[in-house]
Amino acid sequence: MGTPSNVKLLDENGIRLDGRGPQELRPIRLRTDVLERADGSAMIEWGGNKIIVAVYGPREAYPKHTQDIEKAVIKARYNMAAFSVDERKRPGPDRRSVEISKVISEALTAAVMVELFPRTQIDVFIEVAQADAGTRIASLTAASVALANAGIPMRDFVVGCTVGKVEGKVVLDLSKEEDNFGQADLPVAVLAKTGEVVLIQMDGDLSKEEFNEGMSMIMTATARIHEIQRTALSEKYKEMDMGGAE
Amino acid sequence: MGTPSNVKLLDENGIRLDGRGPQELRPIRLRTDVLERADGSAMIEWGGNKIIVAVYGPREAYPKHTQDIEKAVIKARYNMAAFSVDERKRPGPDRRSVEISKVISEALTAAVMVELFPRTQIDVFIEVAQADAGTRIASLTAASVALANAGIPMRDFVVGCTVGKVEGKVVLDLSKEEDNFGQADLPVAVLAKTGEVVLIQMDGDLSKEEFNEGMSMIMTATARIHEIQRTALSEKYKEMDMGGAE
Amino acid sequence: MGTPSNVKLLDENGIRLDGRGPQELRPIRLRTDVLERADGSAMIEWGGNKIIVAVYGPREAYPKHTQDIEKAVIKARYNMAAFSVDERKRPGPDRRSVEISKVISEALTAAVMVELFPRTQIDVFIEVAQADAGTRIASLTAASVALANAGIPMRDFVVGCTVGKVEGKVVLDLSKEEDNFGQADLPVAVLAKTGEVVLIQMDGDLSKEEFNEGMSMIMTATARIHEIQRTALSEKYKEMDMGGAE
Amino acid sequence: MPKDATGILSEIKRTYLIEKLKSGLREDGRKLDQFRNFTVEENFVPRAQGSAFVQLGRTKVIVGVKIEDGEPFPDTPNLGVMTTNVEMLPMAFPTFEPGPPNEDSIEIARVVDRGIRESKMIDMEKLCIEPGKKVMIVFIDIDVIDFDGNIIDACTMGIVKALNFARYKPDPEGPEIALPINNHPISVTMVKIGDDIMCDPTLEEEQMSTARLTVTMTEDGKIRAMQKGNFGSFTVDQIKYAIDMSERVGNQIRENILGEVK
Amino acid sequence: MPKDATGILSEIKRTYLIEKLKSGLREDGRKLDQFRNFTVEENFVPRAQGSAFVQLGRTKVIVGVKIEDGEPFPDTPNLGVMTTNVEMLPMAFPTFEPGPPNEDSIEIARVVDRGIRESKMIDMEKLCIEPGKKVMIVFIDIDVIDFDGNIIDACTMGIVKALNFARYKPDPEGPEIALPINNHPISVTMVKIGDDIMCDPTLEEEQMSTARLTVTMTEDGKIRAMQKGNFGSFTVDQIKYAIDMSERVGNQIRENILGEVK
Amino acid sequence: MPKDATGILSEIKRTYLIEKLKSGLREDGRKLDQFRNFTVEENFVPRAQGSAFVQLGRTKVIVGVKIEDGEPFPDTPNLGVMTTNVEMLPMAFPTFEPGPPNEDSIEIARVVDRGIRESKMIDMEKLCIEPGKKVMIVFIDIDVIDFDGNIIDACTMGIVKALNFARYKPDPEGPEIALPINNHPISVTMVKIGDDIMCDPTLEEEQMSTARLTVTMTEDGKIRAMQKGNFGSFTVDQIKYAIDMSERVGNQIRENILGEVK
């Protein structure tokens with residue numbers, strides 16, 4: 001969480017800098033089949049985030065010692081384009097992206113029927129073309145759709161959202177300014193059907209009451225976001241029925 | 001190509017800084033058998049360039065996945081010694097030397113009977129001890145001789161030269177100052193017998209007419225340089241006949 | 001060896017900055033079984049040095065091409081903790097630690113019955129938690145004990161010490177200041193029984209007479225240090241007899 | 001160049017394609033000097049100072065341009081700086097691997113860079129703010145996200161579009177301005193299959209070809225950069241033919257991307 | 001997470017352990033909310049500005065703190081700098097390898113760092129000497145020398161101890177002073193085996209568990225950092241239960257390490 | 001140390017060589033304290049400030065010296081800087097691989113460097129131009145291009161020649177001057193085969209030997225650096241014998257390379 005600042009993130013009516021109310025999501029747009037080589041793909045635009053996800057697999061895990069004889073190994077690779085952030089980022093993984101790749105891989109593993117494909121790997125390549133707070137849960141939300149788009153059997157969808165604290169208030173889906181200058185950030189991803197938590201990270205400063213309030217907001221929001229996932233996939237199938245475009 | 005400057009590269013009679021005429025080559029000296037461990041070797045001095053080439057192979061390609069079941073893989077490695085340039089160069093490959101290694105490998109592959117040695121590699125190690133413009137075509141010219149010296153069957157020799165443009169005139173075999181402050185650089189390598197082009201790169205600014213003029217100059221020059229290649233090799237055989245020195 | 005300085009390393013009575021006489025060792029404390037996962041371990045405190053050594057093996061050498069069909073390969077890895085020196089050291093091996101790892105590996109190989117374990121490797125991991133001059137010979141002295149602690153058959157112990165020259169006098173077991181500002185440093189490790197030299201390095205400036213004087217001092221000192229090695233190991237066995245602590 | 005997913009191009013396929021070429025047509029029905037359909041969408045990454053999304057057939061690349069201030073190189077104290085980096089992302093093709101650029105990516109980035117740089121598309125002197133101390137640095141980064149051949153031309157198109165429309169603030173308090181643009185280089189990459197020279201190869205055509213040639217030219221008809229690739233050779237006449245094709249096709253592309261230039 | 005020396009945990013062992021858990025006890029007889037015995041020895045590396053040697057069961061880590069002056073980050077010109085690095089030394093476990101940190105080490109270091117940083121344990125503003133020019137840099141480096149599970153909590157304990165008792169000279173000629181300390185975060189790491197949540201897992205328990213949760217809190221009852229790991233999931237109620245456990249157990253640990261705080 | 005092309009030295013060869021040594025002669029007919037023929041050609045790389053081409057038997061190395069200005073190390077503000085790097089080029093031997101220096105190259109470079117540095121061959125104080133700000137940096141880089149044993153001594157010979165005759169301009173406008181040279185260290189490397197100690201080993205002798213010792217001395221009879229290598233051992237008497245050999249042989253080499261020194 002950032003340093004104190006003079007930025008006023010909430011006005012007297014509880015309205016946020018970008019005009020949203022405390023429980024309001026930024027606009028989300030989600031499409032599948034954006035790439036041709038990949039076995040499955042999706043692009044999500046969530047606020048200013050613009051993220052492309054490609055899925056390859058299941059294919060033989062390589063190198064061999066990474067194979068799991070009981071299940072497929074999900075290897076997510078979260079990568080930020082050099083031009084995705086305000087100051088040009090040097091290409092290649094940094095410690096942050098290594099950590100995010102790991103927690104995304106773990107969350108997706110909870111949803112995929114990995115036991116069906118022993119000794120294989122499923123690659124989930126995530127490219128953040130433009131970053132605007134909440135990239136990890138936007139990535140997860142799109143990755144889940146890209147996996148479905150690749151025809152990989154899943155027991156459930158992973159869907160994510162963040163809450164945070166700004167000026168002492170718990171608010172949904174932090175914007176970049178709120179992420180930079182707020183007091184807490186709590187990204188969570190859940191299984192859509194069961195509501196079980198498959199990713200949770202938090203930093204900042206939350207009382208137990210604030211945590212509980214935030215978790216309720218997330219549960220409500222993820223249900224709405226899951227609808228967007230379903231629509232994205234059904235639009236694809238609609239197109240297929242009509243032998244449609246693209 | 002460099003920035004404009006006050007350096008006068010041609011005098012009123014079209015004579016160059018180092019006293020050469022427009023179509024005059026710098027002095028070239030080429031010797032074989034300069035190393036004892038290598039299967040073949042050559043050293044070329046071309047103007048201020050001083051380059052040593054060693055050939056090892058054909059030997060089993062390693063790692064295995066680099067093997068080509070139909071032919072030998074030629075792996076040239078162009079390397080500049082730390083002391084080869086004005087400002088000390090950090091050891092190890094940079095992007096420029098990776099590119100040059102690639103185009104040299106490709107040009108040599110066109111000349112070698114690679115189909116005779118499937119699954120093998122032929123290593124061509126190029127060490128630039130002193131660099132003075134035109135290192136890539138000097139390297140190729142010497143590498144071709146080092147391959148022959150190693151007894152590797154070749155359908156033809158690769159022989160190279162550059163032309164460039166200085167003060168609006170097309171001239172042969174750029175010197176270092178002409179390379180730095182000139183308007184175009186066109187390194188070309190051809191097969192000696194057929195005149196087919198196996199390497200061509202260009203940067204700067206050339207009209208189509210200038211390009212045509214330059215290509216003619218290169219064709220004439222490479223014929224002369226190929227004679228130097230043949231002499232270098234025959235001197236070796238002369239020595240062998242006489243049970244000669246070294 | 002350091003640059004000249006104003007530090008007075010010996011007083012008029014030949015007493016050193018830390019109060020020692022010329023042939024006096026710093027305090028040495030050596031314990032075994034300081035780690036639980038490792039097959040053998042030891043910790044040595046020698047003056048301000050604090051070094052932990054762990055031994056794993058013999059185990060199959062990996063990668064395969066490192067295997068020796070006639071003997072075990074000893075792989076020592078000397079590493080300085082980031083906090084072990086005055087100015088924080090970046091983690092990872094530097095050229096100095098690569099060299100020290102090599103000479104330590106070679107010295108230990110002379111003592112271990114490596115011919116009993118072909119195709120295996122014996123790992124000796126050395127972590128310098130605090131460095132205070134003489135780390136390589138302190139590491140070797142502890143490593144020898146850790147190897148014995150791991151039950152690895154040895155024909156002899158390796159035991160080390162340094163001499164150096166300060167203000168023109170040969171003195172035993174250099175301190176950090178003496179190492180920094182002295183005129184010579186001569187670390188030596190010998191086999192305890194035979195006195196044969198298995199490690200010797202030197203830098204600075206020594207006449208042949210000074211070298212001979214220094215070697216005599218080392219031979220006397222290593223005999224005493226070897227007693228400390230034996231005590232450390234017997235204390236362990238004493239504990240085992242009594243079903244003792246830890 | 002990667003093999004296709006099933007390994008190398010099958011011999012049957014190869015024979016079929018070459019047979020078809022005899023009729024002057026390529027597998028997808030194009031003529032030898034015809035590019036695939038392409039679109040170059042501007043401002044795909046609004047927060048970058050310039051950007052473009054290029055679809056060239058099934059090949060897709062994102063170009064992002066960041067413009068920041070920094071120090072000039074010691075030997076060119078009054079020139080701005082430009083860097084070009086191409087990431088062949090593993091999402092673009094089954095056998096692409098994560099990690100530092102390999103020799104293919106490096107060659108591509110350098111050929112693309114050379115075309116832009118040697119054309120002097122950007123007037124580097126105008127990017128100098130304080131000689132020897134502070135200049136503008138133009139970072140061009142390219143993500144290749146879907147790969148079906150001819151990355152070089154897709155990158156060049158995207159860069160020319162992105163630079164042409166880039167806007168930045170040399171002074172954080174001041175207004176946004178455009179880059180000082182001199183001209184608009186277009187690269188045309190051709191391959192040789194049998195004795196035919198054709199432009200804008202698909203991946204399959206790249207795999208079948210014996211030699212590759214890229215010619216980058218500006219609207220004044222000048223050649224600015226060339227690069228031959230692959231194991232085969234060209235006759236001098238073939239190279240001249242390729243230069244002519246580059247000029248003709250390049251002019252069409254330039255107009256397509258930029259509209260009436262200037 | 002490494003497998004044990006004989007490969008994966010045997011099925012027999014696993015069944016035995018789960019059976020035992022039904023009685024509310026863990027293999028080593030601990031209750032679910034009980035830490036192993038631990039000691040945190042201060043000043044293990046006297047020449048470092050702060051240090052600690054932690055034994056948590058059979059897990060052992062050395063924490064060293066170096067405090068040097070340097071430049072602040074450009075975007076926080078009046079704040080000190082803190083870095084955290086964890087080295088999983090190959091001496092700590094048979095399968096650990098030398099080399100740069102892998103994803104496990106990186107995650108551990110980042111979770112540990114986040115707990116300390118987000119608690120604002122160190123008052124970073126007080127580490128500023130000359131805004132934009134010179135600040136104190138706190139380098140926290142951790143050597144993991146013996147590994148039997150729960151590195152995160154061992155590291156946090158050691159850091160809190162080492163920072164709390166660190167002494168440094170902001171002015172080389174001046175006196176030694178303590179770091180400006182605001183509070184004392186304690187992390188509690190829990191794993192889920194079957195439906196049981198238990199803290200301070202051994203390596204065997206880590207290997208058997210399906211999910212991991214670390215909750216770091218300060219003495220004021222505030223949550224400062226959380227991190228879930230591994231392939232399984234938690235219900236929201238389980239997370240709330242874990243937060244309660246973290247607060248209760250963390251308070252005991254804090255008192256144990258620091259005595260009566262303040 | 002690399003094996004030869006056919007794998008390890010054959011047992012038959014080994015027996016033959018040891019048998020021959022009993023007569024006091026080495027395979028190539030040399031005596032134990034005899035170097036191979038060598039030549040040290042000055043100014044092989046004219047554009048470097050100093051250079052040498054060394055042939056020691058069939059071993060060949062190129063030494064290049066670049067002298068540039070730069071910043072001193074913070075702890076030695078009024079001393080010049082010297083670095084030594086040895087590249088065991090893959091052209092030098094069938095099994096040498098490209099890439100960063102391995103432990104063999106690093107040891108060689110450090111032993112060679114130590115001999116030059118500890119002898120104080122260059123008067124580093126005279127390389128200071130402005131204390132704490134600007135000093136001369138002497139970059140010594142060595143290409144090993146043909147390998148048949150005893151790289152260390154070949155490098156030292158070449159460096160001593162190259163430094164002795166180096167010329168540089170501390171002021172770009174001013175005249176060329178020589179480096180401030182104090183003395184001329186020579187390293188002599190010896191190996192032990194059976195109980196015999198012999199200098200200047202060929203690769204075959206290196207492969208057969210059990211231990212290696214390098215002793216670097218200056219013309220004043222002082223020992224400046226020593227390094228033992230390999231798995232075997234020396235008695236103290238053998239080391240003293242080796243020091244005597246180094247002094248005697250080193251004096252011949254020094255005279256050979258430099259003529260009547262000073």
Side-chain angles (χ1 to χ4, degrees), chain C residues 1-4 65 68-71 73-75 86-87 93-103 105-112 114 156 158 180 183-191 194-212 214-216 218-219, chain F residues 8 73-79 83-85 95 100-111 113-115 117-120 124-125 183 185 210-218 220-240 242-244 246-247:
Chain C
M1 293 290 94
T3 51
H65 69 84
D68 186 318
I69 56 169
E70 294 180 352
K71 61 180 208 300
V73 175
I74 296 196
K75 292 189 183 162
D86 279 348
E87 194 170 338
D94 53 16
R95 289 166 68 96
R96 175 179 171 274
S97 62
V98 169
E99 184 194 355
I100 294 180
S101 296
K102 184 171 191 283
V103 295
S105 299
E106 291 172 344
L108 291 174
T109 302
V112 171
V114 286
D156 204 342
V158 176
N180 287 347
Q183 297 147 277
D185 182 23
L186 174 66
V188 175
V190 300
L191 297 178
T194 66
E196 284 175 86
V197 174
V198 292
L199 177 145
I200 185 165
Q201 297 185 293
M202 181 261 169
D203 56 90
D205 154 14
L206 282 182
S207 68
K208 290 201 265 185
E209 294 68 33
E210 289 163 343
F211 175 80
N212 293 347
M215 285 303 284
S216 312
I218 281 176
M219 287 301 160
Chain F
I8 53 169
F73 287 110
D75 51 342
T76 52
N78 52 2
L79 294 185
T83 74
T84 307
N85 184 52
T95 58
N102 64 11
E103 58 169 28
D104 289 330
S105 312
I106 289 174
E107 186 190 19
I108 289 170
R110 286 178 60 85
V111 172
D113 179 275
R114 216 137 54 205
R117 184 181 303 278
E118 297 297 332
S119 299
K120 304 186 192 305
M124 286 296 184
E125 293 190 31
N183 57 26
T210 54
R212 192 194 72 225
L213 185 67
T214 300
V215 179
T216 305
M217 300 179 73
T218 36
D220 57 5
K222 290 288 183 67
I223 311 165
R224 301 298 187 148
M226 296 176 67
Q227 178 93 346
K228 186 235 150 199
N230 212 341
F231 303 138
S233 60
F234 290 100
T235 65
V236 174
D237 283 344
Q238 285 171 333
I239 294 173
K240 292 177 183 173
I243 292 172
D244 288 337
S246 170
E247 183 172 21

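In what follows, chains carry the letters A, B, and so on, assigned in the order in which the sequence lines appear, proteins first and then strands, with residues in each chain numbered from 1.
Using a 4.0 Å cut-off between charged nitrogen and carboxylate oxygen, F:K228 and C:E106 do not count as a salt-bridge pair.
Of all the listed residues (C:M202, C:R95, C:Q201), the one sharing the greatest number of non-hydrogen pairs under 4.5 Å with chain F is C:M202. The residue among F:M226, F:R114, F:K222 with the most heavy atom pairs within less than 4.5 Å of chain C is F:M226. Top candidate by heavy-atom pairs under 4.5 Å with chain F, chosen from C:L191, C:V188, C:I200, is C:I200.
Among residues two or more places apart in sequence or in another chain, the side chain to side chain contact (heavy atoms under 4.5 Å, CB included) test is passed with F:N78 by F:C128, F:P131.
Contacts of C:V103 with chain F are made by side-chain atoms alone, with heavy-atom separations under 4.5 Å and no backbone atom involved. Looking at C:L199, the atoms closer than 4.5 Å to chain F (heavy atoms on both sides) all sit in the backbone: N, CA, C or O.
Inspection of the C:E196 and F:Q238 side chains reveals no N or O donor paired with an N or O acceptor under 3.5 Å. For the 3.5 Å distance criterion, the side chains of F:T235 and F:D237 fail to qualify, holding no donor opposite an acceptor.
When side chains are defined from C-beta on, F:R110 does not count as touching C:K102, because their heavy atoms never get closer than 4.5 Å.
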